[in-house]
Number of protein chains: 2
Amino acid sequence: MNIYDIAEKAEVSIATVSRILNHKGNVSPKTREKVLKVMDEMGYTPNAFARALGLDSIKMIGVMCSDVSDIYYAKAVSIIENELREKGYDALLCCTGTNISDKKKAIDVLLSKRVDAIILIGSVFQESTDNSHIKKAAKSIPVIIINGEFKFENTYSIMCDEQKAMRDCVLALSEKGHKDILYIYDSDSFSGKRKIKGYIEGMEQIGTDNPETYISKCNKDISCAGTLINDIIKSEIKFSAIITSVDTLAIGAIKALTKHGIKVPEDVSVVGFNNSILADFSSPTITSIDNKVDILSTDAVRTLLDVFENKSVAKAKTIQAEIIYRESFAK
Amino acid sequence: MNIYDIAEKAEVSIATVSRILNHKGNVSPKTREKVLKVMDEMGYTPNAFARALGLDSIKMIGVMCSDVSDIYYAKAVSIIENELREKGYDALLCCTGTNISDKKKAIDVLLSKRVDAIILIGSVFQESTDNSHIKKAAKSIPVIIINGEFKFENTYSIMCDEQKAMRDCVLALSEKGHKDILYIYDSDSFSGKRKIKGYIEGMEQIGTDNPETYISKCNKDISCAGTLINDIIKSEIKFSAIITSVDTLAIGAIKALTKHGIKVPEDVSVVGFNNSILADFSSPTITSIDNKVDILSTDAVRTLLDVFENKSVAKAKTIQAEIIYRESFAK
DNA sequence: AATATTAATGTAAGCGTTTACCTAAAAACT
DNA sequence: AGTTTTTAGGTAAACGCTTACATTAATATT
C-alpha cells in the first residue's frame, strides 16, 4: 500500500497526501481529516526508504560498540538510543567485536544504509594501525567518537579525562597514607593506556620509584583478578591499596582478599573504575571512578544535533571524571 | 555518488554495475575487475534504500525491548544482534520503556523503516489491554516474541517455562528441608506472573496453606530488597529460604541478611533468577535459575530465518529453565 | 464587479536501485 | 560458412516518496 492508494481512496492527489504526511504546505482542514481517516482505515505506514531517497535523510544514526552485553556499553547505548529517539532518530546498532575487519564491515553496512551519522563508542585512537574506515565514513557523514580520539574532517570526539582521574585517585589514596598502591587492568585500549599513564604519573608524583612493578594485567573475568591477588599475596609483595581498571576486577579482588582474611577497607582499600551498578552490589560497596558515561553519551547526541544544524561545534571535548566514595575506600 | 557515476567512469551501463553488485547474471571477468576497481577508487557504497525500494527488503530487523541498560535485555540484544549480523541482517534497536503509547510509536517507526521482521523481547502477553500494534505489525511482517505470549497470524513466541522452573526451585528447597520460603519479586509482567504462579504451585505442593503471605513486592533496586528484608526480620516472620525474581534482589537480600548477622547459606538459603553475571559477583555467589536467554535469543533468530525461508515453524516453543547451583544454596 | 492576493490542490520530475526484456557478440554446433 | 546457443551487456520501467512548478479556487482589495 502506498501514497497512491491513499490518494485514490481519499480522492486527492499524491502531493496532498505527502503534504499531510510532512506537515508542510497548505492543506484545508477538511481534506486533511478525510485523508488521515483513509490512512488510518487502511493502516498505512509511509515507506521511509522512498522518503529517504527523496529527502536524503533517513533519520537513523549508526551506533557502534564492541559489545552491548558489556554493562558499560549497554548503559551508553541505552542513553544514546533514548536521546536519539526523543529527537526523532533511530539507532542502528552494530556490535563489532574487537576485530578490525569486522569494524570495517560494520561501517560499510552503516554507510550503505545511509545513516545520517555514526556514533562510535570506545576503541578508536589516532595511532591505531588502520582507521581508514573511519575516514571513509567521515567523508560523507559526521562521526562522533565517545572516549576515543581521532582527528579528521567531520569527526568529533568526546572523552573523559581518565588520565587525570587516575592520577587524582592515586593522590587521594596517598593522602590517606597509602604508598603501595597496586594497579590491575584489563585492556590496552585507548582509555586503558590513558589510565595507566595517569596511574604512573600519580605514583611518580608521590615518590614511587618503579611504578611499573605495581601493575598487573588481567582479563575482564573476575576469577582472573582473584588468582592474580592470590599470587600477589603468596609473593608477599607489600600493598595497602588496589586500583582496578573496571569494577568487575575490583569485585574479584575484594572477594579474593576477603577469602584470605584481609579486610576491605580496614586492611586494604580498593577503588574500581566506571562507577557501574556493580559498585553497589559488592560488599563492601566499591569506591569507583565515575567516567561519566551518561554525560558523554548525552553530549554525543547533542553534539550530533548541533552538527546537523551547522552550529559551531568543538572538534574535541573533555569531561572530568569523579571519584565516587563508597565503603571500599572511605573518604 | 551513485551507480551512474560508476557506470560512466567504468564505461559500462548501470545494469552491469548492478549485476556486479548483486553477483547476478553474466559479467565478464575483465569488466567486473574494471568496475570493482572504479568502485574502490571512488569509495562507492550502494544505497540500501534505493535497493530496498526495488527489492522490498532492507535486510534489517527491528529489535524491541524496554531498556537495554538492563543487564538481561543487554545480553539478549547482544546475542540477537550477533546472530543477525552473521546472517547478513542489521538490528534496528528500539528501547521503548514500559509505556504502551511509546511501544506503539516504536512499532510505527519500525514499520515505516520497512524492517523485514520484528523481534520483541519480553513484556507482551495475550491478555494485555492493547496489543493492536503487534497485530498491525504482524499483518505485514513476522513478529517473534521472546518470553512473551501472543497468538496471532504471523506471530511466533519462544519462551522459557519459568512457571515450572519456579515450582521446581521450591521443591528443590523443600527437599533440603526448607519450608518457610519467601518470595520477593519486582514485576507483574507476563513472566513475573508466571513465576509467581509457579512459586505458589510449588508451595502448595509442599503443603503450605497460604503461600501468598510469603510473597512481597519490591522494585528492581537492591536497596528496596534490603529494606524489605529488614522489615521482615523485624516482624519476626520465620523463614529459612528466599527466592527472588531477579538476581539483583538476591544480592540486596544477601547484603541485608549479612548485616543482621544471618549467614547465607548456613542460616538462610537464597536463590536468584536469570543466572546473570551478577550471580558470580556476589559473596556468597548466588544460586540462580537460568532462564536461558542465550538459547531463547539464538532460537528467535533461527526461527525468523526459517520463517523467511517458508519452512514450517512452530507458533510457540517452550524451553526448560535450569537451576544453577552456587554458594547461596548448595545442592 | 474587477482585479490582486492568497490558499488549496495537482502534475511531473527526480531520488538510486533492480530487473524484465532486448540486442550484440562470442562460442558451439552442423 | 551458416546456424544455433550461450554469454555479455544495454535500455527503460518500476519501486514510493518529495517537491518545484503550475493551476485552480477562494478570499481580500479596490
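Residue numbers begin at 1 in each chain, while the letters A, B, ... track the order of the sequences. Any value given below was found using the heavy atoms of this structure, including those in side chains, with hydrogens, waters and symmetry copies removed.
Heavy-atom distances to DNA chain D give each of B:Ala50 and B:Gly25 a nearest nucleotide, and the one nearer the 5′ end belongs to B:Gly25.
With a 4.5 Å cut-off on side-chain heavy atoms, B:Ile144 and B:Ile158 count as touching.
Residues meeting the side chain to side chain donor-acceptor pair (under 3.5 Å) test with B:Lys317, sequence neighbours left out: B:Asp299. With sequence neighbours excluded, no residue forms a side chain to side chain donor-acceptor pair (under 3.5 Å) with B:Asn2. A:Lys59 is linked by a side-chain contact (heavy atoms from CB on, under 4.5 Å) to A:Ser57, A:Tyr89, A:Asp116, B:Lys113, counting only residues two or more places apart in sequence or in another chain. With sequence neighbours excluded, the residues that form a side-chain contact (heavy atoms from CB on, under 4.5 Å) with B:Cys65 are B:Val68, B:Tyr73, B:Val77, B:Ile121. When the side chain to side chain donor-acceptor pair (under 3.5 Å) test is applied to B:Ser78, the partners found at least two apart in sequence or on another chain are A:Asp67. In this structure, A:Asn310 has no side chain to side chain donor-acceptor pair (under 3.5 Å) partners at least two apart in sequence or on a different chain.
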Could you list the protein-to-nucleotides 9-13 of chain D atom pairs, N/O on both sides, closer than 3.5 Å?
{"residue": "D:dG9", "atom": "OP1", "partner": "B:Ser28", "partner atom": "OG", "Å": "3.3"}
{"residue": "D:dG9", "atom": "OP1", "partner": "B:Thr31", "partner atom": "OG1", "Å": "2.5"}
{"residue": "D:dG9", "atom": "OP2", "partner": "B:Ser28", "partner atom": "N", "Å": "2.8"}
{"residue": "D:dG9", "atom": "OP2", "partner": "B:Thr31", "partner atom": "OG1", "Å": "3.2"}
{"residue": "D:dG9", "atom": "N7", "partner": "B:Arg19", "partner atom": "NH2", "Å": "3.3"}
{"residue": "D:dG10", "atom": "OP1", "partner": "B:Ser13", "partner atom": "N", "Å": "3.3"}
{"residue": "D:dG10", "atom": "OP2", "partner": "B:Ser13", "partner atom": "N", "Å": "2.6"}
{"residue": "D:dG10", "atom": "OP2", "partner": "B:Ser13", "partner atom": "OG", "Å": "2.7"}
{"residue": "D:dG10", "atom": "OP2", "partner": "B:Thr16", "partner atom": "OG1", "Å": "2.6"}
{"residue": "D:dG10", "atom": "N7", "partner": "B:Arg19", "partner atom": "NH2", "Å": "2.8"}
{"residue": "D:dG10", "atom": "O6", "partner": "B:Arg19", "partner atom": "NH1", "Å": "3.2"}

Could you go over nucleotides 23-25 of chain D and give all protein N or O partners under 3.5 Å, atom names and distances?
none

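Between the C1' atom of D:dC17 and the CG atom of B:Asn47 lies a distance of 13 Å, rounded to the nearest Å. To the nearest angstrom, C1' of D:dT19 lies 17 Å from NE2 of A:His23. Here the C1' atom of nucleotide D:dA14 and the CZ atom of A:Phe49 are 17 Å apart, to the nearest Å. Atom pair A:Ile3:CD1 and D:dA14:P shows a separation of 18 Å (rounding to whole Å applied). Computed from coordinates, the A:Lys24 NZ to D:dT19 C1' distance equals 8 Å when rounded to whole Å. For the pair A:Ile58 CD1 and D:dT18 P, the interatomic distance rounds to 11 Å; values are reported in whole Å.
Stacking of A:Arg51 on the aromatic ring of A:Phe49 is not recorded, the 6.0 Å distance cut-off and the 45° axial limit not both being met.
Ion pairing between A:Arg85 and B:Asp102 fails under the 4.0 Å rule for side-chain N and carboxylate O.
Nucleotides of DNA chain C with any atom under 4.0 Å from a heavy atom of chain A span, from 5' to 3', C:dA7 to C:dG16.
Note on residues 17-45 of chain B: no pairs pass ring-ring contact (aromatic ring centres under 6.0 Å, His included), not counting sequence neighbours.
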Name each donor-acceptor pair under 3.5 Å that joins a side chain in residues 10-18 of chain A to protein atoms two or more places apart or in another chain, with its distance.
{"residue": "A:Ser13", "atom": "OG", "partner": "A:Ala15", "partner atom": "N", "Å": "3.3"}
{"residue": "A:Ser13", "atom": "OG", "partner": "A:Thr16", "partner atom": "N", "Å": "3.4"}
{"residue": "A:Ser13", "atom": "OG", "partner": "A:Thr16", "partner atom": "OG1", "Å": "3.4"}
{"residue": "A:Ser18", "atom": "OG", "partner": "A:Asn22", "partner atom": "ND2", "Å": "3.3"}

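Overall bending of the helix from C:dA1-D:dT30 to C:dT30-D:dA1, expressed as the angle between end axes built from five pairs apiece, is 30° (10° steps).
Closest approach of B:Lys103 to B:Thr98, counting heavy atoms only: CE-O, 3.9 Å.
A donor atom on one side chain and an acceptor atom on the other are found under 3.5 Å apart for A:Lys104 and A:Ser132.
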